[in-house]
Participant: 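Here it is, the structure, as structure tokens.
Nothing here was measured: the structure is a model prediction, and the numbers come from that model. Values reported hereafter were calculated over all heavy atoms of this structure, with side chains retained and with hydrogens, waters and symmetry mates removed. One-based numbering, in listed order, for ligands and for the atoms of each.
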Amino acid sequence: MSVYLDNAATSFPKPEEVYQAVIHAMREVGASPGRGGHHRSLEAGRIMFMAREAVARLFSIADSSRIIFTHNATGALNLALHGTLKPGDHVITTSMEHNSLLRPLHALGRDGVDVTIVDAGPEGLVDPDQIARFVRKDTRMIAVGHISNVCGAIQPIDRISAICHKAGAMFLMDAAQSAGYINIDVVSSGIDLLAAPGHKGLLGPPGTGLLYVAPHIELKPIFEGGTGTSSTSLEQPLMMPDGYEAGTHNLPGIAGLKAGIEFILDRGIDTIFQHEHSLVNQAARLLGLLPGVKIYGPGDPESRGAVLSFNVEGVDASLLAAELDHGFDIAVRAGLHCAPLAHRTIGTLPGGTLRMSPGWSSTSEEIAFFSDAVVQCVGKIKESM
Ligand SMILES: Cc1ncc(COP(=O)(O)O)c(C=O)c1O
């Protein structure tokens, strides 16, 4: 058995339709959208449009032209932050964030943006009242990850966005671990900027991501170049979405992303959620029976996404991940998962955690196999100590 439980890093396998869509874009379409009047370029443009429409349907976005394709969630977060913030602005974020949010904020901090990092509790949950305490007159943005990639904590985003809007600030949500897993409605959750990778829960290929920008948000492009529009002007066009997607698109990637999202829409996001949620709970139950295992994150399964982090007392997480890989062909991830402050928050510095994250195609048998393998690997490691 080959078991892939690293869907929080990137999802694998993809639905068959995704592979077919990538091959079709490469073999049969072959051209770039907006870069010619021939039928191949027009077909590429049609695929792009349909991909944007699929994203819009998934997140209840009224106007699909407000969706900008990027290369990953990091690209979307950088565009959201560098494209809206200026010196003198105040931003609130949390200690549970990924470096893809914290590093651009740190860089902006050097340029005069004032950043407040609110500590989450030891289970990784952010208390909205703590966020409210730090709101000031000059607060322009609250930026929060929906689900922690370290311990799976699902943040109370509706309450946080309400605080944000009361303060007249923008709400940026990093949906890297929630897009394609949990239902997201940008209108009812008051999301002004939504950053998501295409290659995780949305089941698209690597090299895809997106940023949704609400109609009232003004965004500055963070790089300039050819857009296939307004070509006589040296000024970067500010038209959505072209002005923010300069350069040749990753059409095979976006075609695959379209197929991935259509798969999710067909299957139903609630079905996917129930499936992954039950697998994570099964893993938590089985691991919880093992001696010396400590599971991190919310104790209440309702507050935990499809990400489970744990450690085994006296066993190095990286060593255990390597044993699971070499001995059992099980792919999990050990370490800090690019979120050092989250580990400080949940008390797992410096070694980090072992993280397992099932996906749409994971099975209950695989989870049982994984749990048995952990027992055997721990035994082997302890014997050799
Ligand atoms: C919470 C979170 N934010 C951002 C990212 C960055 O995503 P990407 O690799 O698509 O840039 C990740 C990736 O693991 C993540 O888990």
Participant: Identify which one of L79, T74, I222, L81 satisfies the side-chain contact (heavy atoms from CB on, under 4.5 Å) criterion when paired with P104.
Facilitator: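 In the set L79, T74, I222, L81, the residue that makes a side-chain contact (heavy atoms from CB on, under 4.5 Å) with P104 is L81.
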
Participant: Tell me the closest heavy-atom pair linking L42 and G37, and the distance in Å.
Facilitator: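 Residues L42 and G37, closest heavy atoms: CD1-O, 3.8 Å.
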
Participant: How long is the straight-line distance from CD1 of I47 back to NE2 of H249, given to the nearest 0.5 Å?
Facilitator: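 The NE2 atom of H249 sits 13.0 Å away from the CD1 atom of I47.
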
Participant: To check your reading of the model: name the closest protein heavy atom to atom 7 (O) of ligand 1, its residue, and the distance in Å.
Facilitator: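 Ranked first by proximity to atom 7 (O) of ligand 1 is A73 CB, 3.3 Å.
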
Participant: Could you identify the single nearest non-hydrogen protein atom to atom 16 (O) of ligand 1 and state the distance to 0.1 Å?
Facilitator: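 So the nearest neighbour among protein heavy atoms is Q177 NE2, 2.8 Å.
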
Participant: Under the salt bridge (charged side-chain N to carboxylate O under 4.0 Å, His left out) rule, collect the residues that match up with R304, sequence neighbours excluded.
Facilitator: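 So R304 forms no salt bridge (charged side-chain N to carboxylate O under 4.0 Å, His left out) with any residue.
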
Participant: What protein heavy atom is closest to atom 2 (C) of ligand 1, reported as residue, atom name and distance in Å?
Facilitator: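 Answer for atom 2 (C) of ligand 1: A176 CB, 3.2 Å.
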
Participant: I need the atoms of ligand 1 closer than 4.0 Å to a non-hydrogen atom of P197, numbered in the order shown.
Facilitator: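 It comes down to these atoms of ligand 1: 10 (O).
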
Participant: Starting from atom 15 (C) of ligand 1, what is the nearest protein heavy atom, named by residue and atom, and what distance separates them?
Facilitator: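 Answer, as residue, atom name and distance: H98 CD2, 3.2 Å.
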
Participant: Among N149, L77, N72, whose side-chain contact (heavy atoms from CB on, under 4.5 Å) with S100 holds?
Facilitator: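 When N149, L77, N72 are each tested with S100, the side-chain contact (heavy atoms from CB on, under 4.5 Å) holds only for L77.
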
Participant: In ligand 1, which numbered atoms sit nearer than 4.0 Å to a non-hydrogen atom of S100?
Facilitator: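 Near S100, the atoms of ligand 1 are 4 (C), 6 (C).
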
Participant: Which residue holds the protein heavy atom closest to atom 14 (O) of ligand 1, what is that atom called, and what is the gap in Å?
Facilitator: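 The closest one turns out to be K200 NZ, 2.5 Å.
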
Participant: Which ligand 1 atoms, with their elements, are less than 4.0 angstrom from a heavy-atom of N72?
Facilitator: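 Once the distances to N72 are compared, the set is 8 (P), 10 (O), 11 (O).
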
Participant: Who's the nearest protein heavy-atom neighbour of atom 9 (O) of ligand 1, and how far?
Facilitator: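 Atom 9 (O) of ligand 1 sits closest to the protein heavy atom H199 NE2, 3.7 Å.
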
Participant: Please list the nearest protein heavy atom to atom 11 (O) of ligand 1 with its residue and the distance rounded to 0.1 Å.
Facilitator: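 That would be T74 OG1, 2.4 Å.
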
Participant: Give the residue, atom name and distance (to 0.1 Å) of the protein heavy atom nearest atom 4 (C) of ligand 1.
Facilitator: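 For atom 4 (C) of ligand 1, the nearest protein heavy atom comes out as D174 OD2, 3.5 Å.
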
